[in-house]
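Just below is one structure, and these are the notes that go with it.
What you see below is based on every heavy atom in this structure, not just the backbone, and it leaves out hydrogens, waters and symmetry mates. Along the sequence shown, the residues carry numbers beginning at 1. Every number for a ligand or one of its atoms is a count from 1 in the order of the listing.
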Amino acid sequence: MSDIMTAPKIASMKGGRIVCVTAYDTPSAQMADEVGVDIILVGDSVGNTTLGYENTLPVTLDEMIHHVSAAARGCRRALLVADMPFGSYQACAEDAIRSGIELVKAGAAALKLEGPYVDAIGGLVAAGVPVMGHIGMTPQSVHSFGGFRVQGRGNKADLVLDAGKKIADAGAFSVVLEMVPAMVARRITDELPIPTIGIGAGPDCDGEVQVWHDILGLSAGDPFKHTKRYLDGRQAITDAIRAYASEVREKTFPGSENSF
Ligand code: KIV
């Protein structure tokens with residue numbers, strides 16, 4: 001059997017541990033792929049991590065297409081999932097199918113969209129495009145949540161579960177659970193037939209997704225509670241650039257070994 005990850009293989013990993021990380025360009029996708037992650041997500045978090053936007057809302061379909069095609073050129077084995085940006089699927093299923101096809105042509109093997117847009121999910125699935133859902137704190141709804149707040153606390157847990165059930169019934173192969181209490185995530189994971197992939201959702205989902213810049217310490221400011229820095233990337237990179245700048249100023253670089 002081929003080693004290449006597919007949406008049906010991910011769907012069959014219910015009860016397992018799916019590893020997903022975001023990537024937005026060719027070298028980062030190559031590195032994640034070489035390590036053997038299961039899913040590379042070209043998230044619309046490209047907006048805040050890479051493009052200098054405040055949040056994911058301004059990200060356009062053209063920007064997603066640009067980053068998806070770059071990441072696809074670095075991805076050989078992992079399942080490449082692309083986020084559908086805000087405005088590309090909410091109005092109607094036809095919009096979702098048209099935008100989705102553009103992302104697939106750019107190299108995505110599956111798409112992710114936020115919330116129980118069941119007609120959009122069903123339409124994409126009917127068009128042959130695997131869909132990953134996203135529930136809980138869905139960043140494209142940040143204004144209606146009044147900020148990036150944990151969702152599904154207390155009697156709101158059923159709302160998140162219901163959204164997950166609708167998404168699974170519409171044909172999604174997996175669902176991201178973002179910023180929900182660990183107990184609620186465990187219950188949703190138990191009740192849904194498709195794998196749950198957590199971020200800020202405790203240890204009991206069927207997998208985990210993290211943002212490239214967060215785990216590598218490339219984001220400015222304090223780390224989020226739901227992430228862990230495996231590298232102080234910002235420090236390492238600024239130290240390296242500082243060393244380069246001082247060697248250029250002191251004329252110790254380039255040396256004879258760098259000259260022709
Ligand atoms: O855009 C993104 O990176 C995401 C993950 C946080 C799940 O949607």
Side-chain angles (χ1 to χ4, degrees), residues 10 18-25 28-29 32 37-61 63-68 70-71 75 78-90 99-100 103 106 108 110-117 120-121 130-142 145 147-152 160 163-164 167 172-180 185 188-189 194-202 205-216 218-219 223-229:
I10 297 295
I18 298 161
V19 180
C20 175
V21 68
T22 69
Y24 316 104
D25 58 27
S28 37
V37 304
D38 302 306
I39 301 174
I40 292 174
L41 171 66
V42 186
D44 58 354
S45 53
V46 69
N48 44 289
T49 58
T50 306
L51 300 178
Y53 298 142
E54 187 84 359
N55 53 43
T56 59
L57 296 177
V59 176
T60 65
L61 184 59
E63 285 167 338
M64 286 306 299
I65 289 170
H66 178 78
H67 287 277
V68 168
C75 180
L79 179 72
L80 193 81
V81 179
D83 254 341
M84 300 196 69
F86 183 59
S88 69
Y89 61 92
Q90 286 89 347
S99 323
L103 291 164
L111 303 174
K112 176 166 80 58
L113 57 82
E114 298 183 5
Y117 284 89
I121 296 171
V131 178
M132 176 183 278
H134 188 160
I135 54 176
M137 205 296 294
T138 44
Q140 292 176 11
S141 303
V142 60
F145 295 146
F148 295 97
R149 299 175 196 285
V150 173
Q151 300 296 309
V160 186
I167 287 168
F173 70 95
S174 61
V175 63
V176 167
L177 277 187
E178 180 161 354
M179 284 177 73
V180 296
I188 294 174
T189 300
I194 55 174
T196 59
I197 302 176
I199 173 165
C205 294
D206 301 305
E208 178 76 11
V209 53
Q210 285 285 326
V211 169
W212 183 269
H213 291 62
D214 293 343
I215 58 171
L216 297 179
L218 296 170
S219 317
F224 299 117
K225 181 175 165 72
H226 64 257
T227 194
K228 177 173 171 182
R229 282 188 177 160

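Listed here is the closest heavy atom pair of Pro223 and Thr227: CB-CG2, 4.2 Å. In terms of heavy atoms, Phe148 sits closest to Pro139 at CE2-CB, 4.0 Å.
The local environment of NE2 in His66 is sparse, with at most 12 non-hydrogen atoms from other residues, nucleotides or ligands closer than 6.0 Å. Within 6.0 Å of atom OH in Tyr53, more than 12 heavy atoms from other residues, nucleotides or ligands are found, so the atom counts as buried in its surroundings.
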- In sequence, state the C-alpha distance, the side-chain angles, and the governing distance for Asp38 and Ile10, and then conclude on side chain to side chain contact (heavy atoms under 4.5 Å, CB included). CA-CA 8 Å; Asp38 302 306; Ile10 297 295; 4.0 Å; yes

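Distance check: Leu41 CG to Tyr24 OH gives 7.0 Å after rounding to the nearest 0.5 Å.
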Any protein N/O atoms within less than 3.5 Å of an N/O atom in ligand 1? List the atom names and distances, or say none.
unit_1   : atom_1 : unit_2 : atom_2 : d
ligand 1 : 1 (O)  : Asp44  : N      : 3.2
ligand 1 : 1 (O)  : Asp44  : OD1    : 3.0
ligand 1 : 1 (O)  : Ser45  : N      : 3.0
ligand 1 : 1 (O)  : Ser45  : OG     : 3.2
ligand 1 : 1 (O)  : Asp83  : OD2    : 3.0
ligand 1 : 3 (O)  : Ser45  : OG     : 2.5
ligand 1 : 8 (O)  : Asp83  : OD2    : 3.4
ligand 1 : 8 (O)  : Lys112 : NZ     : 2.8

